[in-house]
Structure formats: C-alpha cells, structure tokens
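One-based numbering, in listed order, for ligands and for the atoms of each.
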Amino acid sequence: MSNINTAEIEILFSESTIAERIEELAREIAALALPRLLVVPILKGSFIFAADLIRAMHRAGLQPEIDFLMLASYHAGTESSGRIDVLRDIATDVRGRGVLLIDDILESGRTLAYAKGLMIERGAVDVRTAVLLEKPNRRAVAMDADLVGFSCPDLFVVGYGMDMAHSYRELPFIGVIRQHARP
Ligand code: IMP
Ligand code: MG
C-alpha cells in the first residue's frame, strides 16, 4: 500500500516490474524490423510508458521518429461510450512506413482500432500496436495488440500516466485506488 494525498493505493505493478518488462518489449519491437519506423504514442495516457519504451528502444538499437496523436474517447464515469475524436493529429506522412502505435490500456479496443484504421487509410505499410496493459474480456470491437506489457485485472487502474478524473498520472507505479480522497 502507498499513501498519497490521503488516498490508499494498492500497487499492482511496481516501478521495477514495469521497467524490466519494457526492456523485453523493446527487444521484441526491434525484432519486427519495421520500415522507417514512426512511433505514435496516443495521448494522454501513454506518455510515461512511451517515454520509457522509446528509450528502451534506443538501447535495443532502434532509431525511430516520433509523433503524437491525441484522441478523446468519451466516457460515462469509467465506462467507454464509443465515440472517438481526434484532438491532436500527427503531422507526419505515414505512407510507406512502419508505424508503432503506443497506448496505455487496451479495453474496449475502440481507441486502438480507430488509430490503426487511420494509419492504414493514410498508407502506412505495417501498423503494429503496443499497450502496457490489456484487460481481457472487455472488448467491444475485434482488436488485439501485437505487444502487451501485462494482463490487467478488471479493475480501474491509475498511475504511470493513467488517470482517474485527471489525477494520479504522476505515480511511478500502476495501482488500484482503495480509498479515493483527493479533492
Ligand atoms: P478502449 O478504447 O476502451 O480500449 O479504452 C482505452 C482507453 O480507456 C485507455 O487508453 C485509457 O485511457 C482508458 N482506460 C481504460 N481503462 C482504464 C483504467 O483502468 N484506468 C485508466 N484509464 C483507463
Ligand atoms: Mg488513453
């Protein structure tokens, strides 16, 4: 348990567990040998995962270009509604390139399916997806990630970039809130 601003958070994946897994994912990505690799983190939730994964990719010998896509998937509370809007588009031409999309969690699959469709429609030749967490049995559309950090229990998780009502992104680990007491 970790006590942060009076919220009680149970740690599910520690900093060191995440760091070790990211080194493995980076080596798997390097083995894909994607052509003229463009890495596209989907903001905001993936920003910390992406920053760590991209540096691990450097250690694995890759020299990717990076651009950012910000999507909004509308939620009623903690449930996905299905509508997705592009809040910030990439400025890079993806024609003929390999693209690695990075997201924090694969849940309904709508976010990643939308982003993948966009890249393919624009002419990317090989679009792969990496997610830190996957929640099994929650898919609303047929979507699997090529690389998955960890399988996640069907709980609302926070930290390591992921928020609950705009809080907790700064936590260096992934946890579950047992007692929510932030303003
Ligand atoms: P999908 O489109 O349903 O696959 O939703 C994926 C997005 O929902 C992720 O990128 C997260 O931003 C958000 N999300 C889903 N589950 C959680 C969670 O447990 N904690 C925080 N964000 C979540
Ligand atoms: Mg997200």
*Nearest 0.5 Å please: distance from the CZ atom of R110 over to the CZ atom of R83.*
12.5 Å
*Let me see the working for L32 and D126 under side chain to side chain contact (heavy atoms under 4.5 Å, CB included), right down to the final yes or no.*
CA-CA 10 Å; L32 295 173; D126 196 349; over 6 Å; no
*Any atoms of ligand 1 less than 4.0 Å from a non-hydrogen atom of D163? List them with their elements.*
21 (C)
*Using heavy atoms and a threshold below 4.0 Å, how should the contact between I42 and ligand 1 be classified: side chain, backbone, both, or neither?*
neither
*Of the backbone atoms (N, CA, C, O) and the side-chain heavy atoms from C-beta on, which set of M164 has a member under 4.0 Å from an atom of ligand 1: side chain, backbone, both, or neither?*
neither
_Between D67 (side chain only) and V40 (backbone N and O only), is there a donor and an acceptor less than 3.5 Å apart?_
no
*Criterion side chain to side chain contact (heavy atoms under 4.5 Å, CB included) on V157 and F13, from CA distance to verdict*: CA-CA 10 Å; V157 298; F13 302 100; over 6 Å; no
*Kindly give the heavy-atom pair with the smallest separation between V99 and A124, and that separation in Å.*
CG2-CB, 3.8 Å
*Return the option from K44, M143, E107 holding the heavy atom at the smallest distance from atom 16 (N) of ligand 1.*
E107
*I84 near ligand 1, heavy-atom distance under 4.0 Å?*
no
*asked:* Heavy atoms only, cut-off 4.0 Å: how does D104 contact ligand 1, side chain, backbone, both, or neither?
replied: side chain
*For ligand 1, which atoms sit closer than 4.0 Å to a heavy atom of T111?*
1 (P), 2 (O), 5 (O), 6 (C)
*What part of S108, side chain, backbone, both or neither, has a heavy atom within less than 4.0 angstrom of ligand 1?*
both
*Does ligand 1 have any atom sitting under 4.0 Å from a heavy atom of K135?*
yes
*Considering non-hydrogen atoms only, spot the tightest contact between A115 and L69 and give its length.*
CB-CD2, 3.9 Å
_Using a 4.0 Å cutoff against the non-hydrogen atoms of D103, which atoms of ligand 1 qualify?_
10 (O)
*Looking at A56 and I22, what are the two nearest heavy atoms and their distance?*
CB-CG2, 3.7 Å
*Polar-atom distance check: F156 versus ligand 1, any N or O pair below 3.5 Å?*
no
_Per-atom contacts of ligand 1 with L155, taking only distances under 4.0 Å to non-hydrogen atoms_ = 19 (O)
*Can you name the nearest heavy-atom pair linking F173 to I18, along with the distance?*
CA-CD1, 4.3 Å
*Given side chains that start at C-beta, do those of R122 and I90 come closer than 4.5 Å, heavy atoms only?*
yes
*asked:* Looking at ligand 1, would S73 count as a contact under a 4.0 Å heavy-atom criterion?
replied: no
*Report, in ascending order of atom number, the atoms of ligand 1 lying under 4.0 Å from any heavy atom of G109.*
1 (P), 3 (O), 4 (O)
*Answer yes when E24 and R21 have at least one side-chain N-carboxylate O distance shorter than 4.0 Å, and no when they do not.*
yes
*Residue part near ligand 1, for L112, under 4.0 Å between non-hydrogen atoms*: neither
